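These notes concern the structure reproduced below.
Only a predicted model underlies this, so the values are computations on that prediction, with no experimental measurement involved. Protein chains get the first letters and strands the later ones, always in sequence-line order, with residue 1 at the start of each. Keep in mind that the numbers below use all heavy atoms, side chains included, and drop hydrogens, waters and symmetry copies.
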Amino acid sequence: MNESKNFLRTIVEEDLKSGKYKEIVTRFPPEPNGFPHIGHAKSIFINFGIAKDYNGHCNLRMDDTNPTKEDTKYVEALKDAVEWLGYEWDKSVRFTSDYFPQIHDYAIQLIKMGKAYVDSLSEEEIREYRGTVTEAGKRSKYAQRSVEENLDLFERMKKGEFKEGEHILRAKIDMSAANMKMRDPLMYRIRHVEHFRTGDEWAVYPMYDFAHCLSDYIEGVTHSICTLEFENNRDIYNWVLDTLELTPPRPYQHEFARLGINYTVMSKRKLLELVEGGQVSGWDDPRLPTIAGYRRKGYTPESIITFCDSVGIAKANSMVDVAQLEFCIRDDLNTKVPRVMCVLDPIKVTIENYEGSESIDASYYPEDVPKEGIRALPFSREIYIERDDFNENPPKGYFRLTPEQPVRLKHAYIISCKEVIKDTNGKTVEIIAEYSPASKSGSDTSGIKVKSAIQWVSAAEAKEVEVRLYDRLFSVEAPQGVEDINPDSLKIIKNALIEPAVISERPDERFQFERQGYFYADPVDYTTQKPVFNKIVGLKDSYSKKKKATPVKTQEKKVQIDGEVVAMSEKQQVLFDKYTSELKLNSEVANTLARDENLSSFYEQTLVELNSPVNLANIVTNEVAREIKETSVDTLKFTAKQIAELVKMIDDKTISNKIAKQVFEEMAKSGENPEKIVEAKGLVQISDPAKISPIIDEIIAKNPDNVAKFKAGNKKLLGFFVGQVLKATGGKANPQVVNKLVAEKLK
RNA sequence: UGGGGUAUCGCCAAGCGGUAAGGCACUAGUUUUUGGUACUGGUAUUCGGGGGUUCGAAUCCCUCUACCCCAUCCA
């Protein structure tokens with residue numbers, strides 16, 4: 001289903017190709033402490049989707065390590081959400097609590113290895129000892145306890161001999177780690193609380209950081225996919241699995257950006273606030289971004305999945321426009337759902353010249369929807385139309401009924417307005433109209449041209465229904481709290497009028513109310529006696545959009561202030577001066593070199609080998625710098641001497657800069673001598689125009705379109721042709737020569 | 001302030017040294033008995049800013065800026 005690539009899929013594919021894993025195992029691991037929302041849907045889509053597409057499997061695991069917050073009703077909601085979205089989890093639902101015994105054993109093992117200890121500092125002390133982001137922490141004196149003492153204490157913690165907070169099990173890592181999470185993270189805490197599954201069997205519970213990686217490992221998970229805020233926890237994840245020296249394969253953690261949608265809130269806390277504050281009717285309120293909410297509103301699981309697919313997976317924090325979600329549900333429903341007529345704000349129309357009544361066979365679907373089905377549509381002298389569809393003083397561009405302009409009643413006749421009846425306040429209460437007998441839909445011989453066809457219902461047969469019009473819950477893009485709530489997020493229309501077939505036949509539970517939007521028979525409140533419809537989403541409406549003056553956003557270009565650059569030390573300054581004046585390096589290169597001791601000393605070494613200061617400097621500041629950044633100076637595979645040899649070949653024009661890059665990469669990987677690499681791969685530069693020329697001709701012949709574009713003035717394309725030639729020669733053609741020749745030939 | 005991330009169109013997002021994909025939104029037009037749908041076109045001379053390397057840079061190097069995450073016995 002999914003051809004779109006993202007960084008996770010790339011990783012998975014590489015791991016499969018390299019044989020790191022034979023089969024992909026993912027997992028969706030929510031804590032059962034709240035109702036799932038569309039953010040969970042994204043995670044479900046990613047985890048189950050990847051497993052499915054790569055023939056692996058995905059586990060559904062409840063991460064129930066904190067008994068104070070969790071409940072079985074949430075696990076039901078979570079299971080429900082996964083099923084509704086159309087996924088199947090592997091075997092039965094798993095629980096971290098099922099692994100408590102194993103996780104406990106691993107903790108014992110860590111204690112025995114001297115890698116974990118029971119700390120007895122108070123909560124406050126622990127916080128103090130942890131230090132701050134800029135200052136190292138200090139280790140608790142209890143960290144010196146013997147293995148035996150730790151084992152004994154931990155055993156007694158487990159048995160429930162201590163009060164909560166009295167002791168805690170910590171990993172012994174590094175109290176001065178730059179990553180705060182690594183400052184002896186807590187692994188087990190005492191909790192005298194009933195766990196919804198294990199009851200009072202345990203008095204200690206593992207923390208997320210200890211339980212999660214091990215649960216993944218126990219389940220044979222290969223790719224542990226989570227959201228960005230766990231990036232800092234990855235070090236612990238790896239530390240636990242590595243120090244335990246578990247038999248491979250082991251899982252690795254990968255993070256993606258969580259889903260944000262504008263005009264709504266996604267955090268558990270804010271959602272809870274809305275539910276408890278009574279701003280919404282419950283967790284399944286159709287205005288909420290919860291799975292239950294979307295479901296009750298009438299969204300299809302397919303539309304949620306396509307939405308998740310369409311927003312992509314990346315690492316940049318982002319806020320997706322709701323319009324994208326709305327597009328997905330409209331697009332899905334458009335081809336699935338029958339069209340019916342419903343009048344939300346009725347005004348009576350009496351068709352003077354019509355007598356009696358008739359039944360019209362009307363198709364449920366427009367011609368462009370490949371589905372069939374008709375219903376009987378009663379027509380009579382008295383009908384209702386939408387108040388909006390009549391205007392006595394129409395603005396320009398109004399297509400509907402006016403005293404001068406006739407309109408078609410969808411599936412029926414063309415009518416025109418004869419008289420407008422008003423009450424004492426001047427409000428229109430009825431329209432007296434006339435119909436054209438020859439204009440019947442499907443057999444129109446009247447010749448009357450209308451600009452629009454409107455929905456209507458027959459007065460006698462129409463059924464009264466309740467329609468709930470939902471709009472976005474918040475009126476601002478990034479709502480902070482209840483103060484941003486949209487006061488018009490729900491409009492209830494108690495007595496809308498709908499054609500009778502909808503109530504008696506109900507061919508489906510979702511409908512398009514012609515010209516208005518998609519609606520869903522409310523799964524809770526709907527009864528045949530008192531039908532209730534929820535608005536899923538409105539149709540696109542380019543008319544009302546046009547009416548509203550679109551505010552033109554003037555985007556000012558942001559002016560960026562450059563920060564101050566740290567001054568050079570005296571030593572660096574001396575080097576810099578030497579590089580610029582003696583060696584004639586440009587100031588930028590000299591600057592980079594002078595400021596980095598590793599780089600400058602490497603550079604000095606190359607200088608001893610070859611007198612080509614500028615080219616050497618360029619390679620060192622750009623290429624060598626990267627290798628040092630990625631690994632470190634000590635692990636470089638190549639030597640300064642080899643770099644000098646490489647530069648010599650550039651100076652000799654044996655190889656081009658482009659080839660040099662290729663050669664350098666090989667050197668960085670294998671540590672082979674540059675001459676050897678050049679020889680082995682036959683990378684000698686081709687500069688002879690006679691040899692290059694025919695290749696260029698061929699490329700030009702193959703790309704007539706681009707030649708035309710180039711001649712039309714698209715000068716960028718020169719690069720395209722040069723690139724093609726270089727590709728054809730395996731990078732060996734001299735690019736300067738190619739450039740010159742191509743430019744000549746294309747003139 | 002230390003560490004870890006991120007920055008490509010109004011909103012998402014591909015891209016990994018050789019012509020800046022795609023979707024949403026917007027916009028113009030064609031078809032239309034839904035001001036819907038479908039279809040056709042238009043929308044980034046430029047990738048957070050500034051330098052550098054290269055024949056060629058969104059991609060490599062340096063530097064600055066902005067935003068997010070980390071100092072719960074939550075996950």
Side-chain angles (χ1 to χ4, degrees), chain A residues 4-6 31 33 63 65-66 68-69 123 126-127 130-135 137 164-165 168 177-181 183 186 188-191 207-208 212 228-234 255 257 262 310-312 314-321 323-324 327 330 334-335 339 366-369 399 408 410-411 441 444 450-455 512 514-516 539-544 546 550 553 555 558 560-565 586 588-589 591-592 595 618-619 621-623 625-626 629 656-658 661 706 709 714 716-724 726-727 734-736 738-740:
Chain A
S4 63
K5 267 281 200 36
N6 56 60
E31 182 187 16
N33 71 343
D63 207 9
T65 56
N66 185 359
T68 58
K69 306 206 287 187
E123 203 173 331
I126 286 179
R127 202 175 8 255
R130 191 147 31 214
T132 68
V133 286
T134 46
E135 293 161 56
E164 287 188 13
I168 193 137
N179 179 355
M180 296 293 291
K181 292 256 141 126
R183 321 254 254 228
L186 314 187
Y188 264 96
R189 79 291 219 184
I190 298 168
R191 272 296 104 98
M207 304 284 291
Y208 166 86
H212 203 93
L228 245 31
E229 64 268 29
F230 291 100
E231 270 171 331
N232 297 315
N233 301 251
R234 189 175 54 224
E255 311 87 12
N262 59 9
S310 80
V311 299
K315 294 187 87 141
N317 287 317
S318 55
M319 174 101 82
V320 178
D321 195 338
Q324 187 132 354
F327 167 81
R330 274 192 211 108
N334 178 42
T335 53
R339 321 285 140 126
E367 272 184 36
D368 50 9
V369 172
F399 293 171
R408 157 151 257 126
K410 178 92 184 173
H411 296 121
S441 188
D444 184 355
V450 292
K451 287 195 173 137
S452 170
I454 63 172
Q455 72 272 28
Q512 184 194 104
E514 203 105 26
R515 301 212 302 139
Q516 303 191 112
L539 254 30
K540 277 184 76 169
D541 185 357
S542 48
Y543 175 61
S544 62
K546 228 180 255 178
T550 38
K553 283 186 213 164
Q555 199 89 37
K558 273 182 253 162
Q560 268 195 46
I561 306 149
D562 262 18
E564 233 169 273
V565 180
N586 78 40
E588 192 61 33
V589 172
N591 185 42
T592 309
R595 281 170 184 276
N618 286 342
I619 292 267
T621 33
N622 291 294
E623 312 303 316
R626 182 176 62 246
K629 218 165 50 171
S656 63
N657 268 298
K658 190 185 174 78
K661 284 216 168 190
N706 282 334
K709 275 195 228 165
N714 189 347
K716 263 185 309 191
L717 252 26
L718 187 67
F720 164 74
F721 287 106
V722 175
Q724 291 295 308
L726 253 53
K727 202 169 154 194
N734 180 330
Q736 279 106 321
V738 175
N739 255 305
K740 209 175 125 221

[X] side chain near [Y] side chain, heavy-atom distance below 4.5 Å:
X	Y	value
A:Ile168	A:Glu123	no
A:Arg515	A:Ser452	yes
A:His212	A:Asn233	no
A:Gln512	A:Arg339	yes
A:Arg189	A:Asn66	yes

### Query
Syn or anti for B:U40, with syn set at within 90° of 0?
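Classified anti.
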Interface polar pairs with nucleotides 13-16 of chain B, N/O, under 3.5 angstrom:
{"from": "B:A14", "atom 1": "OP1", "to": "A:Ile313", "atom 2": "O", "distance (Å)": "3.2"}

For the backbone of [Y] and the side chain of [X], can you confirm whether one donor and one acceptor N or O come within less than 3.5 Å of each other?
X	Y	value
A:Asn179	A:Asn232	yes
A:Asp321	A:Gln324	no
A:Arg183	A:Ala177	yes

Using a 4.0 Å heavy-atom cut-off, does [X] contact any base of the nucleic acid, only the sugar-phosphate backbone, or nothing at all?
X	value
A:Val565	sugar-phosphate
A:Phe230	base
A:Thr65	sugar-phosphate
A:Gly723	base
A:His411	base

Options [options], nucleotide nearest the side-chain atoms of [X]:
X	options	result
A:Asn232	B:C69, B:A75, B:U33	B:C69
A:Tyr208	B:A75, B:C11, B:G5	B:A75
A:Met180	B:A75, B:U34, B:A71	B:A71
A:Leu539	B:A75, B:C24, B:G36	B:G36

Does the side chain of [X] get closer than 4.0 angstrom to OP1 or OP2 of [N] through an N or O atom?
X	N	answer
A:Arg127	B:U72	yes
A:Arg189	B:A75	yes
A:Lys540	B:C26	yes
A:Arg330	B:U37	no

#### Entry: Who pairs with B:C60 - Watson-Crick or G-U, where each distance is under 3.5 Å
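Its partner is B:G52 (Watson-Crick or G-U wobble, both distances under 3.5 Å).
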### Message
Checking base pairs now: Watson-Crick or wobble, both atom distances under 3.5 Å. What partners B:A66?
### Response
B:U6
For atom [atom1] of [X] and atom [atom2] of [N], their distance in whole Å:
X	N	atom1	atom2	result
A:Asp444	B:U33	CG	C1'	9 Å
A:Tyr188	B:C73	OH	P	17 Å
A:Ile168	B:C74	CD1	C1'	12 Å
A:Asn66	B:C74	CG	C1'	6 Å

### Base-contact (B) and sugar-phosphate-only (S) positions in nucleotides 52-61 of chain B, heavy-atom cut-off under 4.0 Å, - elsewhere
BSSB-B--BB
### Query
Start at the 5' end of RNA chain B and walk down; is the nucleotide closest to A:Asn233 or to A:Glu229 reached first?
A:Glu229
Please report the distance separating the [atom1] of [N] from the corresponding atom of [M], rounded so that it comes out in whole Å.
N	M	atom1	answer
B:A25	B:A66	P	35 Å
B:G23	B:U43	C1'	15 Å
B:G17	B:G2	C1'	35 Å
B:C61	B:U53	P	15 Å
B:C26	B:C11	P	15 Å
B:C9	B:G5	C1'	24 Å
B:C62	B:G3	P	15 Å
B:A21	B:U8	C1'	12 Å

Donor-acceptor pair under 3.5 Å: do we get one between [X]'s side chain and the base of [N]?
X	N	value
A:Asp562	B:U65	no
A:Arg408	B:U33	yes
A:Glu514	B:G36	no
A:Glu231	B:G5	no
A:Lys716	B:U46	yes
A:Asp541	B:G36	no

### Query
Any side-chain donor paired with an acceptor under 3.5 Å for A:Arg595 and A:Asn591?
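A donor-acceptor contact under 3.5 Å links the two side chains.
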### Query
Ring stacking, A:Phe327 with base of B:G23, under 5.5 Å and under 30°?
no
### Query
Between A:Arg234 and A:Glu231, does a salt bridge (charged side-chain N to carboxylate O under 4.0 Å, His left out) hold up when you go through it step by step?
CA-CA 5 Å; A:Arg234 189 175 54 224; A:Glu231 270 171 331; 5.4 Å; no
### Query
Between A:Phe399 and A:Tyr543, does the ring centre distance come in under 6.0 Å?
no
